[in-house]
There are 2 protein chains.
Amino acid sequence: MAEPARRQEHLLVVDDDGRIRQMLARYFEDEGYRVTTVDGGKAMREAMARAPVDLVMLDLMLGQGENGLDLARELRADSDVPIIMLTGRDDVVDRIVGLEVGADDYIAKPFHLREVLARAKSVLRRKAPAAVSEESAAKMIRFDGWQLDLDRRRLLRPDGSDVALTTGEFDILAVMARHPGRVFSRDMLMELTRGRSLDAFDRTIDAQIARLRRKIEADPAQPELVKSVRGVGYVFTGKAG
Amino acid sequence: MAEPARRQEHLLVVDDDGRIRQMLARYFEDEGYRVTTVDGGKAMREAMARAPVDLVMLDLMLGQGENGLDLARELRADSDVPIIMLTGRDDVVDRIVGLEVGADDYIAKPFHLREVLARAKSVLRRKAPAAVSEESAAKMIRFDGWQLDLDRRRLLRPDGSDVALTTGEFDILAVMARHPGRVFSRDMLMELTRGRSLDAFDRTIDAQIARLRRKIEADPAQPELVKSVRGVGYVFTGKAG
DNA sequence: GCGTCTTTGTAACAGTGTGTGACAACCTCC
DNA sequence: GGAGGTTGTCACACACTGTTACAAAGACGC
């Protein structure tokens, strides 16, 4: 089936398993795509820098202690390139990945190549018309009249106005607001927001919490939404709904 | 000081690695817990059916194609039993998903047994007094016109104004107010609020009670809400409703 | 590329919360 | 009434947290 002369779309496959790289590359090249395959984050960054990419297919479980989620977040920080996650796990993982980093679709391993192709086409079609088309219900967390939009990474005040949160501030709030009433240690917050663990005497989280409070609390000295639990950590005390 | 005959708490360890099962079983049994160990989902279901379980410690990477996250979700569907997940060192995805599925805490392998014990105590302490489900309606305790909001960690006076309680003060009041009329020994209060036991001649609890009274009693010298029981401890005498 | 602006990590300092020992007041039992 | 033990309170030291300022790192526009 000859493809009409069309700009060749460029796929980047990130997977530590050579067989999968080869399988995907062969199949998509047959389908008329240009395919680059890499085995990890470093190579991915290099490939991204070298040539524009239209779609990234990213394995969630990479070897070498690399984490697909981190790479996805990294990609999202830089660009709007569509991302399809490859995962061996079930729908729960995929949902989270979607929430966390804004991947566009997912495919569970083992997969059928025909299905991968269908998803890839679908994602490319959706993304192509410039602006992010909003077909899925936005994932929203509501509390005390506020709205935290996980897809758009925005926080809206009860009056609808926008709060300008930085990436770090947003990540901490997102993790905590998803579990009101649960106490998070600083270490947990560090791991959940950026996959690093905290070393002793690190005040990073405290500083971020302070900045966050300054933006979302009526009186930062008497916080109502993010409270401290002495000797343990922080807890989100907003009321869902 | 003889420990009051307290119900032995029952732990269920789910892990496919026999050495880990044995290590955890030995350690927690030494600490006075009853421990059951199983190696997979089937045995887990059987154990759960056989005897009530107070805490499940669940490995996320089970052999035989079994998925710890599925088991966690399955547990959550049926019950509110606290869950601690055992995860790989840097599998952030698993942790996020685990929390999302409803696990209460996670511990990265390899772990220190002392830390596991501390987490277990902490989870049991927070879960024990009535199932505090995360997204359920606000948990409120009312007494004599006062309102203690456990989710928001706030105390409101009859006139609706806010009382600024510290973490420690709030925890003690929360524990006692949940069980009006029941007498708590200092040791019990220490255990329930911070998972440590009290050593001899420790005046910590007394000091906290004094500070608490100063904030909530009309006349701290003639307490109406938190009374002393000489030779035993303290009792909350607020009238529910 | 370069300079500029934003975001983040870190150190320093101030303020708050808590544990501890001392002591006074109190209770109970003899 | 006195002894011995228990409780309330205070003061103080120390640990924990909030906040600010500044430097480093990163993002952005040109």
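Naming: A, B, ... by sequence-line order, numbering from 1 per chain.
- Rounded to whole Å, atom P of C/dT8 lies 18 Å from atom CZ of A/Arg186.
- For D/dG18, the OP1/OP2 oxygens have a side-chain nitrogen or oxygen of A/Ser228 closer than 4.0 Å.
- Atoms CG (A/Asp171) and P (C/dG9) sit 11 Å apart, rounded to a whole Å.
- Residue-environment remark: NZ (B/Lys215) exceeds the threshold of 12 foreign heavy atoms within 6.0 Å.
- For A/Thr204 and C/dT8, the shortest distance from a side-chain N or O to OP1 or OP2 is not below 4.0 Å.
- In this structure, B/Phe201 atom CZ and C/dC23 atom C1' are separated by 16 Å, rounded to whole Å.
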Using a cutoff of under 3.5 Å, can you pull out all pairs of nitrogen or oxygen atoms linking the protein to nucleotides 19-22 of chain D, with atom names and distances?
none

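- Between the CZ atom of B/Arg194 and the C1' atom of D/dC16 there is a distance of 13 Å, rounded to whole Å.
- Side chain to side chain, A/Ser228 and A/Arg213 meet the donor-acceptor criterion of an N or O pair below 3.5 Å.
- Rounded to a whole Å, the CD atom of A/Gln208 is 14 Å from the C1' atom of D/dG18.
- Here the closest heavy-atom approach between residue A/Thr37 and residue A/Ala25 is recorded as CG2-CB, 3.8 Å.
- Proximity of B/Arg230 to the phosphate of D/dG4: no side-chain N or O atom is located under 4.0 Å from OP1 or OP2.
- In this structure, B/Ile205 places its CD1 atom 12 Å from P of D/dG8, rounding to the nearest Å.
- At D/dC16, none of the side-chain N or O atoms of A/Tyr234 fall inside 4.0 Å of OP1 or OP2 (strictly under the cut-off).
- In terms of phosphate contacts, B/Thr166 brings no side-chain nitrogen or oxygen within less than 4.0 Å of OP1 or OP2 of C/dT16.
- Between B/Leu189 atom CG and C/dG19 atom C1' there is a gap of 16 Å when expressed in whole angstrom units.
- Under a 4.0 Å N-O distance rule, the pair A/Arg186/A/Asp206 qualifies as a salt bridge.
- As rounded to whole Å, 16 Å separates atom P of C/dT18 from atom CG of B/Leu198.
- Ring geometry for A/His179 against A/Phe184 counts as tilted: the plane angle lies between 30° and 60°, on a 0 to 90° scale.
- A/Asp144 and A/Arg157 are not joined by a salt bridge, as no carboxylate oxygen comes within less than 4.0 angstrom of a charged side-chain nitrogen.
- A salt bridge is absent between B/Asp162 and B/Arg152; no separation between the charged side-chain nitrogens and carboxylate oxygens falls under 4.0 Å.
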